[in-house]
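To keep things clear, I will list the structure first and then write my remarks on it.
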Amino acid sequence: MAADTRFWHPFALMAQVRSNEFIITRGDGAYVWDSDGKRYFDATASLWCVLVGHGRDEIVDAAAAQMRELASYSAFGAFATTPAVTLAERVAGYADGIVEDPRVFFGLGGGDAIDTAAKLARRYFHAIGQPERMHLIGRTQGYHGTHGLGTSIGGIPVNQEGMGPLDPSTSHVAWDDLGALEAEFERVGPDRVAAVFAEPVIGAGGVHRVPASYLQGVQELCRRHGALFIADCVIAAFGRMGTMLGVDRFGLQPDMITFAKGITSGYLPLGGVVIGGNVAAPFWEGDGLWFRHGQTYSGHPTACAAAHANLDILESDGLLDRGIELEQEITTAFDTLTGARLVGDVRTGIGALAAVAFDKAALAEHPDIPMRVFAQAKARGVLTRALGDAVAISPALVATREDIEHAATAIGEAAAAVAADLGVG
Ligand SMILES: Cc1ncc(COP(=O)(O)O)c(C=O)c1O
């Protein structure tokens, strides 16, 4: 047995993982290798991140060049670095016509972005003389990171278990029900709601899609009641939806957009919030107001340089269009699993991602089926992610049709093997 690790893994059952780590040592394109030299199709792109694929020298070179010049510097107060300023300009350019007169706040990842957006929503209403507007509404199955407010806004109950009192001015509505949101506005008091948070496609909660009309309805309700609409595009932005920001796919115009992951394809930690000019105004206009919030590494120049190189690749390699093609290829390949042994719902259709959920009766008896299918697919050289009642895929946009077909076949075989092992399905 391997020696116990000292590394406490995120989202892990350490009692099992402590002597059972799975070490990834190398990546190239849509593939990674483990410490035994075994090659895998990285069907998750490392937690939805690596849109341009592993091993892109352009990003490595850009980061190295920036590190030689100036690796790190704070952006508190008036300080800034050129990569942070130009990246903000670039992202604001992408948001042109989507978010009114956009500004960009940087942090280290998605959780930072969510807590920034949530605090800013509250701070904004306090600033404009509506201090009673503090309530934040999320959706069931929603995932918004694990920081303080993100934990409260998230709608996956196991992630809140035993974490003590959550933020009292937060609540959840059913992820696909506009009527429930309308009723929640009434319950809370429409003039007490600061913001509604919504992922365009629910990701970590199991890959759940809603029609564009639902998302537009959320936006409309927010507008009608004077609350802010915050689109959490941590997964959706930078190509996963085949568009630059994710919300553009659905014709949305949110007050804020949170992003992370795809901005650097995960090469370095970076996330942020695109913020509309109306929300920025009390802080940026006249004598202004402080927003006493930010991290040591907000606007980190090396991360921002890596983001530029990553965005250059997305643009020059036509990867947004590839995202749309991949969506089709995923849908075609994965829909063939409908009706397969142990398979319940196959969730495909919008975006370069999918989930294969398992038979409800079998899951009730064996809740570990997704983990078992993950293990069987891994043995077949495909890395998926077990999420709730399903396994999910979200490959790099450089994955090929053959890669996708291989993943669908491996998951189908994996499900059949688990069904045979358990004598179910
Ligand atoms: C929609 C969404 N929001 C926020 C987050 C949190 O991002 P991070 O893990 O970078 O804190 C995630 C992470 O998967 C996410 O999927």
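Both counts, for ligands and for their atoms, begin at 1 and track the order of listing. Scope of the values below: all heavy atoms of this structure, side chains included, with no hydrogens, waters or symmetry mates.
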Between ligand 1 and the protein, find all N/O pairs closer than 3.5 Å and give the distance for each.
{"unit_1": "ligand 1", "atom_1": "3 (N)", "unit_2": "Y143", "atom_2": "O", "d": "3.4"}
{"unit_1": "ligand 1", "atom_1": "3 (N)", "unit_2": "D232", "atom_2": "OD1", "d": "3.3"}
{"unit_1": "ligand 1", "atom_1": "3 (N)", "unit_2": "D232", "atom_2": "OD2", "d": "2.7"}
{"unit_1": "ligand 1", "atom_1": "7 (O)", "unit_2": "G110", "atom_2": "N", "d": "3.4"}
{"unit_1": "ligand 1", "atom_1": "7 (O)", "unit_2": "G111", "atom_2": "N", "d": "3.4"}
{"unit_1": "ligand 1", "atom_1": "10 (O)", "unit_2": "G110", "atom_2": "N", "d": "2.8"}
{"unit_1": "ligand 1", "atom_1": "11 (O)", "unit_2": "G111", "atom_2": "N", "d": "2.7"}
{"unit_1": "ligand 1", "atom_1": "14 (O)", "unit_2": "K261", "atom_2": "NZ", "d": "3.0"}

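- In terms of heavy atoms, V247 sits closest to A231 at CG1-CB, 3.4 Å.
- Heavy-atom contacts from other residues, nucleotides or ligands closer than 6.0 Å to NE2 of H406 number more than 12.
- The existence of a salt bridge linking R56 and D312 is excluded, since no basic side-chain nitrogen approaches an acidic carboxylate oxygen closer than 4.0 Å.
- Of all the heavy atoms in H308 and L87, the pair that sits closest is NE2-N, 3.2 Å.
- Here H225 pairs with E182, F185, E186, P190, L221 under the side-chain contact (heavy atoms from CB on, under 4.5 Å) rule; sequence neighbours left out.
- The nearest pair of heavy atoms linking L228 to C222 is O-SG, 3.8 Å.
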